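Given the structure is predicted, the values throughout are model-derived calculations rather than measurements.
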Amino acid sequence: MRYIFIFWLLVANIGFFSSEEKKTTTDVKLNSTTDINLPLWTKKVGAKSTTFKKNIYYVNDFGAIPDEKTLNTAAIQNAIDACSKNGGGIVAFKKGIYLTGSLFIKEGIHFRIDKDVEIRGSQDIKDYKQIDTRIAGIEMKWPAALINVLNQQNVLIDGEGIINGQGKVFWDYYWNLRKEYEPKGLRWIVDYDAQRPRTILISDSKNIFLKNLNIQQAGFWTVQVLYSEYITVDGVKIRNNIGGHGPSTDGIDIDSSKWILVQNCDIDCNDDNFCLKAGRDWDGLRVNRPTEYVVIRDCIARKGAGLLTIGSETSGSIRHVYASNITGNGTSNGLNIKSASTRGGTVEDVLMENIKMENIRTFLQISMNWNPSYSYSKLPDGYTEETLPEHWKKMLTKVDPPSKGIPHFKNITLKNIYVKKVGKAINVEGMAASTIENITLDNVHIEAETAGKISYSSNWTLKNVSIKTNDGSKVSIENSTNVNFPETLWESKK
């Protein structure tokens, strides 16, 4: 018998009462339909029950003006600070459109964005405070996000309104800088020099809820969960392709964090939809913090680079991942595990099941040499390393010994998978120094244009697998051991 864990948050109706009369409570309840075959750790993910005072602090009472033009950063922050000073409660907005820069939510606050409220991010990067953070696997100075939860616990951010990052100006900036950098041999650093604001950052925090949010046009990553634990992201809808297709507009990035629950989310973006990260190259190996114990379920992935992407930042290792009941339409890749020979780290114990996808490029994409022009840092002639910015120096620091930079992928299971209208079924490329080990395909059915290839891999287990191809091809297998695809798997769609 199959059971599936369903967690939900029960948030009490909000009114204006004193903190002694009523409180807002988040709770997590377990449905009786539980898969007895799932590891016990999947029961422990996500934020825990939290109570919030019901005192309401309207930002308008602190000078915020919802006219689309007035910069309300200080007024909104003053409301947050006053709420925090008095022991927490609700920070809310009267209907209208509020322009703002970086906001910093504090412990015990329910930050509520009601229907008919829109928070718009400033299009001036100077309105986002510079902070110490991690971007794309490197610790460095970078603008804060539009909404930040830094070194806090017990926070709820929810509401039926809109958070609009107004990201197009940052998208254009990135593409223009890339046109300048690439001819100079600087593709590897342009993403770090093109500073753009994330929409929501949860960093070094615990017991945080994001619930039922509508987010649009992120300037960079939409939701980043960094160095945090026991976080729930529930019912978040992301629409980053409104008004263009922004570069690096990932949906949800789980970065060196643990005990994370992502559910009921719907993502349309222009990079990885759901992504797990753990640091890059020398700096990521120095930090050495894993991403582990992550559940992603009951979600939709629309346009984007990967329904589930692991990497390319793998240095601290990524393990104990369960993804289930996700549908994809127009997503470039199904399961995309990527790294490089300077990253290091281990990806292991990944179970992905109950997946339906169509109109995608590649279903199973695994590479240890991903995007070389981006992945490998080399200083062109004409630069003096001593005078470079600090983050350039980090990117140029070599991994020593080089063997520490070799990644390892193993123990990956794909179960109950149905994929059609896909370009390539499988593209798995390990390395002579690191074969990809122990892949299980169980009840996997793929209809593709072409079959693809497997190289430097070992020990595949296939149960009830079918691959139908338009071109009549079969998976090419090279430099691999115990990887056998029986003739009965293949069927031409011609």
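Around NZ of K394, the count of heavy atoms belonging to other residues, nucleotides or ligands within 6.0 Å exceeds 12. Annotation for E160: atom CD does not count as buried by contact number, only 12 or fewer foreign heavy atoms lying within 6.0 Å. At most 12 heavy atoms of other shown residues, nucleotides or ligands fall within 6.0 angstrom of atom NZ in K258. The 12-atom threshold is not exceeded at NZ of K95, counting heavy atoms of other residues, nucleotides or ligands nearer than 6.0 Å.
For an aromatic pair to be called close, the ring centres must be under 6.0 Å apart, and F93 with F111 satisfies this.
In the model, T100 has no side-chain atom that pairs as donor or acceptor with a side-chain atom of N72 under 3.5 Å. At a cut-off of 3.5 Å, with distance as the only test, a side-chain donor of T342 or D281 sits close to an acceptor on the other residue. T222 and N240 form a side-chain donor-acceptor contact under 3.5 Å, judged by distance and modelled atom types alone. For the residue pair D124/S122, the side-chain donor-acceptor check at 3.5 Å is not satisfied. Side-chain contact, N212 with D158: no donor N or O sits under 3.5 Å from an acceptor N or O. A donor-acceptor pair shorter than 3.5 Å can be found between the side chains of N325 and D298. For the residue pair S256/R134, the side-chain donor-acceptor check at 3.5 Å is satisfied. Inspection of the R239 and Q216 side chains reveals no N or O donor paired with an N or O acceptor under 3.5 Å.
Taking the side chain as every heavy atom from C-beta outward, L213 and I200 approach each other to under 4.5 Å. Contact check for T331 versus M357: side-chain heavy atoms found under the 4.5 Å cut-off. Annotation: side chain of P290 is in contact with side chain of R319 (closest heavy-atom distance under 4.5 Å). The side-chain heavy atoms of H391 and I135, taken from C-beta on, include no pair separated by under 4.5 Å. Residues M352 and L307 form a side-chain contact, since some pair of their non-hydrogen atoms from C-beta on lies under 4.5 Å apart. Two residues are said to be in side-chain contact when any heavy atoms from C-beta on lie closer than 4.5 Å; I105 and I80 meet this criterion. The shortest distance between side-chain heavy atoms of I417 and F363 falls below 4.5 Å. Using a 4.5 Å heavy-atom threshold, the side chains of I252 and C265 count as touching.
Using a distance-only test at 3.5 Å, with no hydrogens or angles considered, a donor-acceptor pair links the side chain of S375 to the main chain of W370. Counting only distance, with no hydrogens or angles, the side chain of S205 and the backbone of V149 share a donor-acceptor pair below 3.5 Å. Side-chain N or O atoms of S457 include one that pairs as donor or acceptor with a backbone N or O of I436 at under 3.5 Å. When atom types are taken as modelled, the side chain of S367 and the backbone of N369 share a donor-acceptor pair closer than 3.5 angstrom. No side-chain donor-acceptor contact under 3.5 Å links Y174 to the backbone of V190. Panel note: side chain S102, backbone L146; no donor-acceptor pair is recorded below 3.5 Å. With hydrogens and angles disregarded, a donor-acceptor distance shorter than 3.5 Å links the side chain of T314 to the backbone of G344. For the pair Q152 (side chain) and L150 (backbone), a donor-acceptor distance under 3.5 Å is present. In terms of modelled atom types and a separation under 3.5 Å, the side chain of S257 and the main chain of V225 share a donor-acceptor contact.
Put simply, CD on E386 and NZ on K393 are 7.0 Å apart, with the number rounded to the nearest 0.5 Å. Atom-to-atom distance recorded for K338:NZ and E429:CD is 14.5 Å, nearest 0.5 angstrom. We find the CD1-SG distance between I267 and C269 to be 6.5 Å, quoted to the nearest 0.5 Å. Interatomic distance, OG1 of T397 versus CG of D283, reported as 8.5 Å (0.5 Å rounding).
Between W188 and W392, the ring planes lie perpendicular to each other; the angle is over 60°, past the 30° to 60° tilted range.
Counting only residues at least two apart or in different chains, ring pair (Phe, Tyr, Trp, His ring centres under 6.0 Å) contacts with residues 252-277 comprise Y230-W259, W259-Y293.
Counting all heavy atoms, side chain and backbone alike, A47 lies closest to F209 at CB-CZ, 3.4 Å. Nearest approach of V155 to G108, heavy atoms of both residues: CG2-N, 4.4 Å.
Between L308 and the choices I326, D272, L335, the side-chain contact (heavy atoms from CB on, under 4.5 Å) rule is met once, by L335. Among T309, N427, N336, the single residue meeting the side-chain hydrogen bond (donor to acceptor under 3.5 Å, both in side chains) criterion with Q365 is N427.
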Listed pairs under 3.5 Å, donor-acceptor, residues 404-412 side chains, sequence neighbours left out:
from : atom 1 : to   : atom 2 : distance (Å)
H408 : ND1    : S434 : OG     : 3.2
N411 : OD1    : N438 : ND2    : 2.9

- Task: Test side-chain contact (heavy atoms from CB on, under 4.5 Å) on Y98 and N60 and set out the steps.
- Result: CA-CA 10 Å; Y98 297 80; N60 312 76; 2.8 Å; yes
- Message: Does L226 form a side-chain contact (heavy atoms from CB on, under 4.5 Å) with K277? I'd like the steps, not just the answer.
- Response: CA-CA 9 Å; L226 173 65; K277 301 174 176 291; over 6 Å; no
- Message: Applying side-chain contact (heavy atoms from CB on, under 4.5 Å) to I189 and Y181, what does each step give before you reach the verdict?
- Response: CA-CA 8 Å; I189 199 64; Y181 273 40; 3.7 Å; yes
- Query: Given the rule in the salt bridge (charged side-chain N to carboxylate O under 4.0 Å, His left out) test, do D81 and K85 qualify, once you have shown the distances and angles that lead to the verdict?
  - Reply: CA-CA 6 Å; D81 293 346; K85 183 178 180 180; over 6 Å; no
- Should F104 and K129 be marked as a side-chain contact (heavy atoms from CB on, under 4.5 Å) after you check the CA-CA gap, both sets of side-chain angles, and the distance that decides it? CA-CA 10 Å; F104 298 87; K129 179 182 177 181; 4.2 Å; yes
- Task: List the steps and the verdict of salt bridge (charged side-chain N to carboxylate O under 4.0 Å, His left out) for R120 and E68.
- Result: CA-CA 8 Å; R120 288 187 181 173; E68 307 179 32; 3.4 Å; yes
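Taking the ring centre of Y173 as origin, the terminal cationic atom of R196 falls outside the region bounded by 6.0 Å and 45° from the ring axis. A cation-pi arrangement is present between R280 and Y374 under the rule of less than 6.0 angstrom and at most 45 degrees off the ring axis.
A salt bridge between K141 and D132 is present, with a side-chain N of the basic residue lying under 4.0 Å from a carboxylate O of the acidic one. Salt-bridge annotation for D266 and K237: absent, with no side-chain N of the basic residue lying under 4.0 Å from a carboxylate O of the acidic one.
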